[in-house]
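Working notes, beginning with the structure itself.
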Amino acid sequence: MIRRLFPQPWLTVTLILTWMLLVNGTKLGSLVLAAALGILIPLLTKAYWPGKPRVHNMPALLAYVALVIWDILVANIVVARIILFRRPDQIRSAFIAVPINLTTPEGIAVLSATITLTPGTVTADMSACGRVLLIHALHAPDPAAVRDEIKSRYEARLQRIFG
Amino acid sequence: MTIALIAVLPFVGAVFPGLMIRAGRNACAIVTGLVTLTALILLASQAPAVLRGEVVHSRIAWLPGIGLNADFMLDGLGLLFAGLILTIGLLVILYARFYLAARDAMGQFFTFLMLFQGAMLGIVLSNNILLLLVFWELTSLSSFLLIGFWKHLPESRQGARMALVVTGSGGLAMIAGLLILGNIAGSYDLDVILSQREAIQASDAYLPALILILIGAFTKSAQFPFHFWLPQAMAAPTPVSAYLHSATMVKAGIFLMARLWPVLAGTDAWFYIVATTGLVTMVLGAVIGLFKHDLKALLAYSTISQLGLITMLLGFGTVPAATAAMFHIVNHATFKAALFMSAGIIDHAAHTRDIRRLGGLRKAMPVTFAVAGIAALAMAGIPPLNGFLSKEMMLEEAAHTVWGGNPWVLPALATVGALFSVAYSLRLIAHVFLRRAQPTAGTQPHDPGLGLMFGPALLSALVVAIGLLPMATAAWLVDASASAVTGTAVTVKIAHWHGFGSVALWLSALAIAGGAAALFGFPRLLRLWDATSRPDAKHLFDVAMAGAVRAARRVTDGAHDGTVTRFLAIATVVIVGSGVWAFRSGTHSPGLRTATSVEPVAVIGWLVLMTATVALLFHHRSRLFALMLVGIIGLIVSVGFAYLSAPDLAMTQVTVEVVTVLLLLLALNFLPKTTPDESTSGRRLRDAAIAAVAGAGSAALIYALMMRDFAFPTIAAYHLENAKALGGGTNVVNVILVDFRGYDTFGEITVLGIAALVIFALTEMILSAGPANDRLMALKPNRGDAGDRHPLLFVVVTRMILPLALMVGVFIFLRGHNLPGGGFIAGLIVSIALLMQYMASGFGWTAARKRIEYHALIGAGLLIAGLAGIGSWVFGAPFLSSAYTYVDLWPLETFELATAAIFDLGVFLTVLGAVMLALASLSRLAVRSGEDINRAPYDAPLQER
Amino acid sequence: MNHWIIAPVILPAVLAPLIVLLMRNHLGPQRAVGLAGTAALLCVAVGLMILAGKGDPQVYHLGGWPAPFGIVLVLDRLAALMLVLTAALALIVQVYATVTGWDKRGQHFHALFLFQQMGLNGAFLTGDAFNLFVFFEVLLIASYGLMIHAGGRQRLRAGVQYVAFNLLGSTLFLFALATVYSVTGTLNMADLGVKVAALPEGDFALIRVAAVLLLLVFAIKGALVPLHFWLPATYANAPAPVAALFAVMTKVGLYATLRFGTLVFPPQTPATGSMPGDLLLPAGLITLIVGAAGVLGAGTFSRLSAFAAIASMGTAFVAVSIFTVPATAAALYYVIHSTLAIAALFLVCDLVSRQRDGDSLRHALPPMARGGMIAALYLVTAIAVAGLPPLSGFLGKLMILQAGRDSAALIWTVILVTSLVVIVGLSRAGSVMFWKAHEASADNRPRAVSEWPAVACVTVLLLLLAALSVFGQPVLEYTTATAAQLYDTAPYIAANALGEQVAP
Amino acid sequence: MTALVDILIALFLITGGLFGLIGSFGLWKLRIPMQRLHAPTKASTMGVGTVLVASMLDSWIVHGQFSFQEILILVFIFLTAPVSALYLAKVHLHLTVKRSDVPPTGSGSDWATYVTDDERPGV
Amino acid sequence: MIMHAVQFAIGCFGIGLILTLARALWAATIADRILALDTMVVNVIALVILYGILSGNGVNFEVSILFAMTGFVSTVAFCKYLLRGNIIE
Amino acid sequence: MTRPCRKGDTVEALIALAVGLMTAAGIYLMLRQRTFPVILGLALLSYAVNLFIFASGRLLRNAPPILTPGVTAYSDPLTQALVLTAIVISFAMTALIVIMALGAWLETGDDRIDMDPDP
Ligand code: NA
Ligand code: NA
C-alpha cells in the first residue's frame with residue numbers, strides 16, 4: 001500500500017523540497033500542496049522510471065556530492081589555467097577507455113555525469129555492452145592515472161552507494 | 001392579369017415536354033401545341049379591346065426598389081408581335097413534330113422552344129424596360145440552346161456561341177442604354193418613358209442611350225455590321241431557323257426600335273444611324289445572299305436584307321414609313337417562315353441543301369414547289385403577292401427621303417437591294433425547282449406528308465390571301481400596330497395600283513427586270529464574286545475571339561501560374577507602396593516622447609540579434625545552421641522581452657521557440673538538407689530590394705509610433721487599475737488573457753487545437769496508401785548513422801527531470817494569475833518535458849506508456865475552456881465572466897479560487913494536447929519509414945531492477 | 001444581455017471538440033452531430049436575424065467587462081445577414097459532402113467544418129478589432145485543414161502556398177492592428193470609430209497607414225487584385241464542397257471592409273476621408289476584369305470556378321467602394337447571390353469531375369451519366385454566375401449599375417464588358433463539357449454513380465437563387481435597412497455603452 | 001559585516017564573470033574539437049553557478065529575503081550539462097574524430113556510437 | 001561595490017556572448033556550432049540573473065530556468081539530429 | 001533611467017532597427033523558392049511583428065505589469081497579451097505549414113514552393 005502510494009519515496013522528498021524552493025518559503029500551506037504534488041507526480045511518472053533505484057547508503061551519497069562539488073571547484077581552476085596559459089600544442093589530450101563495474105543505470109549515469117562535471121574529463125561514449133566508458137581528457141599526460149583515479153575516487157564510492 | 005398569363009404560360013408549358021416525352025412524341029408535341037394554342041386564345045380574347053385602341057395592362061410588383069416590375073401591357077404593336085409569335089409558333093411545333101428524327105431529344109427541344117416563346121412574348125408584352133431586358137437576354141439564351149441543339153456538330157456549337165456572344169453583348173449594351181433612358185425619364189415604365197419625348201431628346205444622355213440601345217437592337221436583328229451571326233445560326237434545326245431566325249427573334253430588335261420609336265425617332269441621329277444601317281444591311285444582305293449555295297444560308301442573308309429593309313423604314317422616322325414597316329413585318333414572317341420550312345423539307349427529301357446539287361424538284365415535289373414558289377415570289381416582290389405590296393410601300397417611302405441632302409442615294413440603293421432580292425428569290429425557284437435534276441442528287445425526293453407540309457402551306461396561303469385582299473386580311477392589324485408605334489391613329493390604305501405616276505412602280509419594275517437579268521447572268525456574276533476578295537465577318541470574329549482567349553489564357557496560365565514567390569513579392573510591394581502613399585498623403589507631427597536610454601548589455605544583445613539575422617540571410621541554404629540561427633534569434637528576442645519588462649512574453653517565446661525547432665528538425669529529417677542555389681543574382685537583388693524597403697518601412701513605422709504618446713488614454717490603463725480588484729490577479733497580462741480578453745484566448749487555443757487536428761489528419765493521409773507513403777517506405781533512414789539511439793545517461797537524467805519539470809509546470813500554472821506564468825506556458829513546459837522523454841527513450845517505448853490520448857486532451861481542454869465560459873450563464877452573467885474568492889481552509893493559508901483558473905486549465909490541456917499531437921504525428925512518419933520500435937528505454941543491455 | 005448572440009460561436013466551439021473527444025473514430029455520429037450542429041446554427045442565425053431586424057444593434061459584453069476594455073460581440077443586421085448566409089450555405093455544402101462521401105476521404109472533416117463556421121461566425125459578430133484577427137485565424141486554420149482534406153499532390157502544394165500567402169496576410173493584420181492601437185490606444189471597433197474621428201491632425205498620417213494596411217488585409221481575404229493570387233490555386237485544388245464553402249470566406253474580407261469602412265473609417269472622418277473608396281474602386285474593377293479574363297482563359301472547370309469567384313468579388317467590391325446606402329444595399333444583395341452561385345458552381349464542378357478523370361476545358365471528355373441533368377444544373381448555375389436574367393445575378397448587377405450611375409462610364413463599362421467575357425467563357429466551357437463530349441466515342445461508358453442526393457443539394461442552392469430573384473424586393477429592403485444601419489453609426493456606438501458599467 | 005558580505009558577493013560575481021569569459025574564450029583558444037568541448041561545459045557552468053550563488057547571497061543578505069530558486073537552476077544546469085557534453089562528444093566521434101584515435105573498448109563490443117543499426121543485436 | 005562587480009560580470013558574460021556567437025558563425029565543425037549555442041544559452045542565463053541583481057527584482061528567475069531547460073533540449077535535439085537524423089525515434 | 005538621448009542612441013532606435021532587419025530578412029527568405037526557407041522567413045516575420053506589437057505599447061524598463069504595492073509605472077500589459085496570442089497563433093500556423101510542406105515533399109518529391117501551372 002505504502003509502496004504503491006510512494007513508488008519512489010526519495011523522489012517524493014526531492015519534489016517536496018523542489019516545491020519549497022520554487023515557492024521560496026516554508027509556509028504550512030505550501031507544504032501540504034507540495035506533499036500532494038510529491039505524491040501525485042511520481043504516480044504519474046512512474047511508468048517512465050521502471051526500475052526501482054535503491055540508495056543503500058544515504059550519508060555516503062551526501063558525502064559523494066560534497067566531494068564532487070569540491071572537485072569541481074578545484075579542478076575548474078586547473079582547466080582555467082590550461083585554457084588561459086598553456087600553449088595549444090602543449091595540451092596533451094587523450095581518449096581513455098575506463099572499464100566499469102557498476103551495473104545499475106543510475107550508478108553508471110552518476111559516474112558519467114561526475115566525470116563530465118569534474119573538469120578535465122568528459123564522458124564521450126559508452127561501449128554498446130555498457131561495461132566501458134570512453135573518457136576524453138583535456139590534458140592527461142598519463143592516461144592510466146586518470147583512469148585509475150576515476151575508478152578509485154568515484155566508482156568505488158558509487159558502488160557502495162548503489163550496490 | 002391575362003396579359004401576364006400569356007407571357008407566363010409558355011414558361012409553365014416548358015415543363016411539360018420534358019415530362020410528356022415519356023408518353024410519346026405525339027403527346028409531347030400536342031401538349032406543347034396546346035399550351036401555345038391556349039396562349040393564342042387568351043391573346044385573341046384581348047384583341048378586340050386592343051383593336052378598339054385600348055391598351056390592356058397587368059401589373060405585378062416585383063422589385064419596385066430598383067424599378068423592376070412585372071408590368072405587362074398589350075397594345076397594337078404587342079398584339080401584332082404576340083400574334084406572330086404564337087401563330088407561327090403553333091405551326092413550327094407541328095412542323096417540328098415531323099421534322100425531328102427519332103434520335104433527337106424532342107422533349108428537350110420543345111422545352112427550349114417554349115422557353116424561347118415565353119421570353120419572346122415577354123419582350124413584346126413588357127411595360128417595363130428592365131423587365132424587357134430580362135426577357136431580352138432570355139431570348140439570347142434560349143436561342144443559344146436551340147442553335148446548339150445538335151451538340152455533336154461543331155458548327156452548331158460554334159454557331160450557338162457566336163449568336164450568344166453577339167446578341168448577348170448587344171443585350172449588355174442595351175442594359176446601359178435602357179438604364180440611361182430610365183434615368184432621364186425618371187422611371188423604367190414604358191408608359192412614363194413614352195410620354196417624355198421632349199425631355200429625352202433634349203437630354204445630353206440621349207445620344208449615348210440611343211447608340212447603346214441601337215447596338216442591342218442591331219445585334220439582335222442582325223444589322224450590319226453585326227449580321228454575321230445569323231448565317232452561322234443556320235446550324236440549328238430548321239424549325240428553329242424558321243421560328244427564331246426569321247419570323248420572331250430576329251425581329252426583337254425591330255420591335256424594340258418600334259417600341260421606342262415615339263421617343264427615340266425623329267432626330268437626325270436616329271435617321272442617320274438607323275436608316276443608313278438598315279439600307280446598308282438591306283443591300284449587303286441581298287447581294288451576299290444571291291451567291292450563297294446553301295439554301296438556308298441564302299435564306300439567312302435574305303432575312304438579313306429584309307430586316308435591313310424594315311430597319312430602314314423605321315429609321316425614316318415618318319408615320320407612313322413606320323406603317324410600311326409594320327406591314328412588311330407581317331409579310332416577311334409569312335413568306336420567310338414558309339420558305340425555311342420548305343428548305344427543311346427539301347433538305348429532308350434530297351438530303352442536301354446545296355443549291356448546286358439540287359434541281360428538278362418541280363416534278364419530284366410539286367406541292368413543295370407550289371408552296372415555296374409562292375413564298376419566294378412574294379419575297380421577290382412579285383405582284384400580287386403580299387411582298388409586293390410592302391416592298392412597293394418601301395420604295396415609295398425611300399423615293400421621298402433625302403439622305404445627306406441627296407435625294408437619289410436612298411431610292412437608288414433601295415432599288416439595288418430590291419433588285420438583288422428579286423435575283424436570289426428567282427434563283428431559288430429556278431435552280432432548286434425549275435432546272436433539270438443535277439446528276440449528283442442521290443435518292444429520289446418526294447413531297448412529305450401533311451404534318452410537315454401543313455405549316456408552310458398555310459403560310460403560303462396567307463401570302464396569297466394578304467396579297468390579294470390586304471385590306472380585309474391585314475390592314476386592321478397594320479393599323480393597330482402602326483398606331484401603337486407612332487402614337488397617332490393610323491388608317492392604312494393598301495392598294496396594288498397607284499397609277500403610273502407612282503415612282504415605286506417604276507423602281508419596282510426596274511428591280512424585277514434587273515433581278516431577272518442578274519439570274520440570267522448568274523454564272524458570270526458568280527465568277528466575279530468568287531474572284532473578289534472581301535472581309536469575312538465570321539473570320540474576323542473568330543480571329544478576335546481567338547485573340548481574346550489567348551489574352552485570357554495569358555491571365556490564367558501566365559499571370560496565375562502558381563509562382564507564389566512572385567505573388568508574395570507583388571503583395572509585399574503593394575503593401576509597402578500603399579503604406580508609404582498613405583503616410584505621405586496625411587499630416588504627420590513627430591513624436592515628443594522621451595526616448596529610453598540604452599545600456600551596454602542591451603547593445604550586446606542587439607548586436608547578437610542583428611548579426612545572427614544577417615548571418616541567417618547568408619547561410620540560409622544550409623538548413624540545419626539556419627535553424628540554429630533562428631534559435632539564436634528567438635533566444636535574443638525572448639531575452640529582449642525579459643529586458644523590456646515582459647517576463648510572460650519571454651517565457652512563452654523561448655518555449656514556443658524550442659518546440660518549433662524540434663518540429664522543424666523532425667521535418668528536416670525527411671526534407672533536403674540544403675537549399676539549392678538557384679536564384680539568379682538579379683532575382684536576389686530584386687528580392688533584397690523588396691525586403692529592404694519593407695524592412696525600412698516597418699522600422700520607420702514602429703519608430704514613429706514609439707516616439708509619440710497615445711492620442712487618447714489607452715484601455716490598458718483600465719486593465720492595470722482593475723486587474724486586482726475585479727480580476728483577482730496581479731499579473732495583469734495573465735488577467736487580460738484569461739479574463740478581460742479571455743475570449744481572444746479562447747479563439748487562440750481553438751486555433752492551436754485545430755492546427756493539431758489538421759496535422760494529425762495530414763499525417764494519417766500521408767500514412768495511408770499513396771505516393772507519400774511509398775516514398776516514406778522507400779526511405780532507409782539511419783544507414784550509416786551513429787548508433788546508440790537512447791544513451792543511458794540521457795535516459796536516466798530525463799527520468800529525474802520529468803517529475804521536476806512537471807513540478808515546475810504546476811508551479812508556473814498556479815502562480816500565473818499573480819506572477820509570470822499561466823496555463824499556456826505551463827502547458828508548453830510539460831510538453832517539453834514529455835518531448836524530452838520521447839527523445840530520450842524513443843517513440844515506441846514512451847508512447848506505450850502514455851495514458852491519455854492527445855486528441856482527448858485537446859477535446860477536453862477546449863471543452864473545459866468553453867464550459868468554464870458557459871458556466872457563467874448559470875449565474876446570469878455573460879460568457880467567460882469570472883469570479884474569484886478567497887478560501888480559508890486549514891491547514892492551508894488563505895488562497896484564491898478563481899473561475900478563470902478553470903479556463904486556464906482548459907488552455908493548459910489544449911496546449912499540451914496540441915503540441916504533443918503535432919510532434920507525435922511527425923514522429924509517426926519516422927516510425928513508418930522503417931524504424932524499428934524500441935522496447936527498452938535505452939540501448940545498453942542493462943537490467944532494470 | 002441576450003446569450004443567444006454568442007451561440008453561433010459557442011455551439012460549434014463545443015460540438016467540434018465533442019466530436020474530437022468522443023467520436024473521432026466513428027463517422028456516423030460525426031455526421032449526425034456535425035449536420036445537427038450546422039442545422040442548429042442555421043436556426044440560431046435565423047432567430048438572430050429576426051432579433052436584429054427589430055431595431056438597434058445589440059451588444060454582448062464578454063465576461064461582463066465594459067466596452068472598450070473587454071471584448072464585445074455586436075449583433076446588427078449585417079452580422080445577422082452574414083450568419084444566416086454562412087449557416088445556410090454550410091448546411092447545404094455539408095449535406096453534399098456527406099452524401100457524396102467527401103467527408104470520409106480524410107480525418108476530422110465535420111469537426112473542421114464546425115470550426116470553420118465558428119471562425120466565420122466569430123468574425124461576423126465581433127466588435128473588437130483584435131478579436132477579429134483571432135477569428136480570422138480560426139477560420140483560416142480550419143480552412144487550411146479543409147483545403148487539404150483528402151490530400152493529393154497538387155492539393156498539398158497548393159495548400160502550402162495558400163498557408164504561406166495567408167501567413168503574410170496575418171502578419172500584415174498584426175502590423176496594422178498594432179499601428180491602430182499605438183495611435184488610438186483602443187481596440188474596440190465602436191471606440192475606434194469615435195477615436196479616429198477625433199484624432200489630432202498630427203496623427204493623420206499614421207492612422208492612414210493603419211487604415212490602408214487593414215484594407216489590404218481585407219483585400220487579401222476578399223481576393224482583390226493584386227492580392228488575389230492565392231485564390232485560383234486554392235479554390236481549384238480544394239475539395240469541391242470545401243471550395244463551395246470558401247465562397248463565403250472571401251466575403252469575410254468584404255464584410256470587414258464594409259464594417260471598417262463605415263464604422264471606423266467612414267467617408268466623413270477627416271483623417272481618412274474618401275481614401276477607402278478611392279482605393280477600392282479601381283481595385284474592384286481590375287479584379288473584375290482579371291476574374292472575367294480568367295473565366296475565359298481557364299483550362300479547367302475548377303479554375304474557371306475560382307476565377308468566377310474572383311470576378312464576383314470584384315463586382316461586390318465595386319459596389320462597396322461607392323459607400324452609399326443604395327450601393328451597399330446592392331453590394332449585400334450581390335454578396336448573397338454570388339456566395340450561393342459560386343458555391344453552386346463548385347458543386348456542379350464536382351458533379352462533372354467525379355464522373356471523369358479531370359475537368360479539363362481544353363479537350364473534350366466522354367459524356368456523362370445523367371449528363372442532361374448535370375448540364376441543366378450547369379446552365380442554371382452559369383446563368384446565375386454570369387449575371388444573366390432572370391436570376392439574382394442580373395438583379396444584383398442592375399442594382400449595382402443603378403447605384404454606380406455617378407461614375408457610370410467607368411463602372412458600367414467594366415461591369416457590362418466583363419459580363420460578356422464571363423458569358424463567353426461559361427458558354428465555351430459548357431459547350432466543351434456537355435456538347436463537345438458527344439463528339440467523343442460513346443463506348444466510353446461513364447462511371448455509374450448515384451447522384452440524386454448530390455443533385456438535390458445543388459438544386460436547393462439554385463432554388464435559393466430563384467427565391468432570391470422572386471423575393472428580390474424583401475431582400476433588397478432588408479439589405480437597404482442593413483446599409484442604412486451601417487451608415488448610421490450612432491446607435492452602434494451607443495449600444496457599446498463605452499466606458500459604462502455593464503448591466504447584467 | 002555588510003561590507004564583508006558585499007566583498008564576498010562581489011568576489012563571487014567577479015569569479016563567475018571570469019569563469020564565464022574563460023569558458024567562451026576556450027571555444028576560440030583550443031585547437032582540437034574535442035578539447036573545445038571542455039571549456040564551456042566546465043567554465044561556463046561554473047561561472048553561472050557562481051553568479052547564482054552570488055544572487056542568492058545578494059537577496060538573502062542585502063535584501064533580507066531568502067531566495068532558493070537559484071538552487072533549482074543550478075541543479076538543472078548541473079543535471080543537464082553532462083548530457084549535452086555526451087551528445088556533443090558523440091557528434092565529434094561520429095563526424096570528426098578519426099576512428100584510429102579512439103582506443104578499443106577491450107570488452108568485446110564496440111563503442112555505442114559506432115554500432116550502427118545493422119549491427120545492433122535484436123534489430 | 002556589488003553593482004560594480006555586477007557590471008563587471010555583465011561585461012564578462014557579454015563578451016562571452018559575442019565570442020560564442022562568433023564561434024557559432026565561424027566554426028570548424030557543426031558540433032562546434034552547437035557547442036557555441038549551448039554556451040550562449042548559459043551566458044544568457046548568467047546575464048539574466050545578473051540583470052536581476054542589478055535591477056533588484058526577481059521575476060526573471062522563471063525565465064532563466066526555462067532558458068536552461070530549452071537550451072538543453074535544443075542542444076540535445078541538434079546533436080541527435082546529426083547523429084541519427086530522427087530526433088524522436 | 002530616462003535622460004534626453006540622441007536619436008541613434010536609444011532603445012527605441014535599436015528596437016526599430018531590429019524590427020526592420022528581421023522584417024527584411026523574413027521577407028527575403030519568404031521570397032525563396034523552397035518551402036524550408038519560406039517557413040524560416042515566415043517565422044522571422046512573426047518575430048518581427050511580435051516585437052512590433054510589443055513596441056507599439058511603448059517601451060518601459062523594469063516595469064513588468066505585475067501589480068506591486070507602491071509601484072505606479074507599468075509597461076503596457078495589453079500589447080503583451082496581444083503578443084502572447086500572436087505567438088501562439090503563429091506557432092500553430094508554423095507547425096501546420098511545416099507538416100504541409102513535408103507532406104507536399106513526400107507526395108511529390110519536390111520542395112519548391114512554386115507550382116507548375118495547371119494544364
Ligand atoms: Na500568463
Ligand atoms: Na481567405
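All heavy atoms count here, side chains included; hydrogens, waters and symmetry mates do not. Here is the naming used below: chain letters follow the sequence lines, and residue numbers restart at 1 for every chain.
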Under 4.5 Å heavy-atom distance to chain E, tell me which part of [X] shows up: side chain, backbone, both or neither.
{"X": "Ile14(D)", "answer": "both"}
{"X": "Thr96(D)", "answer": "side chain"}
{"X": "Ile7(D)", "answer": "both"}
{"X": "Leu37(D)", "answer": "both"}

Legend entry - Check: Ile73(D) and Phe61(E) side chains under 4.5 Å, non-hydrogen atoms: yes

Legend entry - Any side-chain heavy-atom pair of Thr45(D) and Val42(E) under 4.5 Å: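 In short, these two side chains do not touch, never coming nearer than 4.5 Å.
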
Legend entry - Side chain / backbone / both / neither for Met3(E) at chain D, heavy atoms under 4.5 Å: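 Neither part; nothing is under 4.5 Å.
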
Inset, instruction - With a 4.5 angstrom heavy-atom cut-off, could you sort out which part of Ile30(E) is near chain D: side chain, backbone, both or neither? - result: side chain

Legend entry - Interface residues of residues 16-31 of chain D facing chain E - heavy atom cut-off under 4.5 Å: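 When heavy atoms of chain E are the reference, residues 16-31 of chain D contributes Gly16(D), Gly17(D), Leu18(D), Gly20(D), Leu21(D), Ser24(D), Phe25(D), Leu27(D), Trp28(D) within the under-4.5 Å range.
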
Inset, instruction - For chain E, find its close neighbours in residues 74-87 of chain D: heavy-atom separation under 4.5 Å, sorted by number, or none. - result: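 Expected list: Phe76(D), Ile77(D), Thr80(D), Val83(D), Ser84(D), Tyr87(D).
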
Legend entry - Non-neighbouring partners of Gln7(E) that pass side-chain hydrogen bond (donor to acceptor under 3.5 Å, both in side chains), sequence neighbours left out: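 Gln7(E) satisfies side-chain hydrogen bond (donor to acceptor under 3.5 Å, both in side chains) with no other residue.
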
Inset, instruction - Identify, with sequence neighbours excluded, every residue that meets side-chain contact (heavy atoms from CB on, under 4.5 Å) alongside Thr70(E). - result: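 Here the qualifying residues are Val654(B), Thr655(B), Val658(B), Ile832(B).
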
Legend entry - Top of Ala22(E), Gly11(E), Ser64(E) for chain D proximity - count of heavy-atom pairs under 4.5 angstrom: Ala22(E)

